[in-house]
Amino acid sequence: MVLAAAAMLFAACDKIAEGEYTTFAGISATWSEGPALQATQRAYVEKYTGPSCINCPLADVTIENAHESLGESLVAVSINHWEGMGMPFAGQPDMRTDDGTAWDKYFGVSSLPSAYINRNTEKRYRSSMEDILAGLQSAVGEQPSVALEVSAEQGAGGGIAVVADIQFEKAVAGQLTLTLALIEDSLRYKQLTPDNGVVDDYVHNHMLRDVMTDLWGADVDAEGRAGERRRAVFSEYNVKNADIKLENCHVVAFVSERGSKRVLNSAQCTITLAAAE
Amino acid sequence: MHLSKKALTMALCAVAALGASAQGIMGGHVTGNVQLEGQMSREDTAIGAADVPERMLMNARADILYTNGDFSAGLRFEAYQNPMLGFDAQYKGQGLANYFVAYRTKRLSVTAGNFYEQFGSGLILRAYEDRYLGLDNSLLGLNIQFRPVDGLTIKALAGKQRIYWGYGEGLVRGADAEADLNALIRPLSDSPLHLTVGAGFVSKYEADETILSPADPEQRLNLPLNVGAAAFRLNADYGNWTLQGEYARKGQDPTVMNGYIYRPGEAMTLNMAYAVSGFSASLQAKHVDNMAFKSSRNQSGEMLYINYVPAINKQHSYASLTMYPYATQDIGENGLQAEVTYRLKKGSKLGGKYGTDLRLNGSYIMGLDTTVVGGAGTDGYTAPWFRPGEKYFTEVSLEVERKFNKALRLTATYAYQEFNPVVEGHTSDLYHNHMLIGDLHWRVSKRHSLHFKAEWLGSDSRYDPAEGHTDRRAGDWLMGFVEWSIGTHWFVSASDQYAYNDGVGNYPAVSVGYTAGATRFQLGYGKQREGLLCVGGVCRQVPASNGLTFSLTTSF
């Protein structure tokens, strides 16, 4: 019995070898020479929200208004906070994600709503975020150091292929990473509102559903010289959650500094879906 | 996953299909018990009792069991509207908390639904419930016990653990075998040496998730998804001697409980005892290293424990002796306990007419002598086996119990404790506590009896909010209790706990109760001191309260 128990212990357990307790929270990618790009500086806004957060709808309105003002220059991602007001109501879908929670904890989000522009953690936007438009306009007005474009297409087998192109507009020192995220719009679930009311079918947009490249993305294989162009192809991403409606999804990409996490530029694209049989 | 109407319907159908009336339908019978507890508390800044918005808090439960031959089915309804003080707010709600169907014969036992189980002393698995602690880590799944021959029991189970009104995501699987060697091996059947051996294995599975290394947020923890624990145990009886031992080992299990380190866990318990008429002695030893085993790697607190590490210090019931209860440190501790009991003979000068019992107990519990090698994402620390570390708890107690005549029995106790507040997450010097207790039972007449308790606790702990001390247990205490039992139905009691000499608080309380058959009603009014309520080394925090409490229990 002792031998049997011991054998089961060793056979049925996962043993992590010493030195392998941690691994880089990202993926590797294959890079090649990329095409020439028209440089467009966009503003990436990462907003932390929650269904029990009564001021979050105000922030949603602010972001939608910013969209109308900035158009495609605004790339927005909403993440449900990992605890407290970010938790789902009973019987409601849980929009928290493993990766979103990891980002949330990494940036130390402590109140809702909160938002960062280009992950500049020196300035956190809160409450109704009425002052965020000026920050977004300022971010969009910067001279791009990196141009970024992205496209996504669903293959016949259902997997999604994403192509990301990067072009260095000026020399950039330090390691950069490319992160891809799957974002879904038009999700409807319960939300508290500023008047202490409840909207059962509140429309939630820009919701993070998954980080396609793992948490910290893929290292950009480049020397950072001005004019350098790189292309990465992520050939087969499979949606992990059956509740995700791909027709409501788009892909967000951003290039960031690996150390500071500061986003240099971002882009988004719809997903060209495979023809239904 | 929530305990749903669907589950309720299933269980009710199972019971109803076999007979829905109270007794005797289809040869089966229904038994049950009901418990209702209520509390009304108001703000009392003197003792730190917070304002409670609800006029009345209530915990209620009803267990119903249907038995028909080898078949049984049961369910439990629970209601927390709202949970009483000290119970987690996540219990708020009501519904079916537990349901099962079971088939039990001499050789085979199968339970589907919620079940409780324990392998050995619980070092690798104990699914149990303690309503007073607000704990229920029952498993929802399948539990099979098979006894192919006399003397051999094999258990196998799989399920998910209850947490409040749902179930944890982690999947628990386990198997255990216990063999009575004297029953199995014919030449040993008449041996004075009685041997029982057992071994068990438990594995939990949790899905992968992103947990970043605090030391390097670029890195994520490479998590073991299947974590196993195995244990071996031996019981040996020879004449007046008994030896019980169990050793358990757990694989890498980075969790919030251990700071996400990869050091394997281990635990050992050893108990040796000798007993003859009028004298007994026992010696216990325990070693625990990183042995918190939960079905969720991110669950702190007392929920979702798969295992249980038994307490090694003496478990008390007197208020002064439980003022500073020691909670088992399953993350790491070494402990020793010894107890000697001796009966002074009847009719002797010291023993008196009825004899006098002496009980001397001592326990010494310390942490591990650790050398830190890193934080999350490392092995955490090294610790030589059983080398003593920081002192956590020491206690010596002497109890003398003497019956003077048929009506009068006195128990007198002296105890000395050293308590390290670090085990409760505080930093402070050791508290040194002396306790004196007198406990008198007096049967005044056939219908009336009195029970008196007088306790004194002297402690060098101090309560001084200006100095940042917030422990309301601090200071010296006088405690008194008197209970008057009238016949077999009524009792009335009054008690007080009074702090002085730099302590704060005065906690008077009165209570009245009525018992009729299996039904008991109790009504109390008074102040409740904040503190830890512990059962077997497992504790929950109870906040201060001031108000009315009542309880009704019955069974049928």
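Every chain is numbered from 1, with letters handed out A, B, ... down the list of sequences.
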- Message: Which one wins on heavy-atom pair count under 4.5 Å against chain B: A:Gly259, A:Ala25, A:Gly19?
- Response: A:Ala25
- Note on the structure: Highest number of heavy-atom pairs under 4.5 Å with chain B among A:Lys105, A:Arg258, A:Glu18 belongs to A:Arg258
- Inspect the surroundings of NZ in A:Lys123 and state if more than 12 heavy atoms from other residues, nucleotides or ligands are less than 6.0 Å away. yes
- Look up atom OH in A:Tyr106 and atom CG in B:Leu212, then write down how far apart they are to the nearest 0.5 Å. 8.5 Å
- Query: Hey, what do you get for CG (B:Leu223) to CD1 (A:Ile16), rounding to the nearest 0.5 Å?
  - Reply: 7.5 Å
- So which part of A:Phe24 gets closer than 4.5 Å to some heavy atom of chain B, the side chain, the backbone, both or neither? both
- Task: Against chain B, label A:Lys261 side chain, backbone, both or neither, depending on which of its atoms sit under 4.5 Å from a heavy atom there.
- Result: side chain
Answer with side chain, backbone, both or neither: which region of [X] has an atom nearer than 4.5 Å to a non-hydrogen atom of chain A?
X	value
B:Asp379	both
B:Thr210	both
B:Ile211	neither

Looking at every non-hydrogen atom in both residues, tell me the closest pair between [X] and [Y] and how far apart they are.
X	Y	answer
A:Cys13	B:Gly228	SG-N, 2.9 Å
A:Trp216	B:Glu218	CD1-O, 3.6 Å
A:Asp14	B:Asn226	OD2-N, 2.7 Å
B:Tyr262	A:Tyr21	OH-O, 3.1 Å

- A:Thr22 versus B:Arg220: any side-chain heavy-atom pair under 4.5 Å? no
- Task: Mind ranking B:Leu225, B:Asp216, B:Asp176, B:Asn222 by heavy-atom pairs under 4.5 Å with chain A and telling me who comes out on top?
- Result: B:Asn222
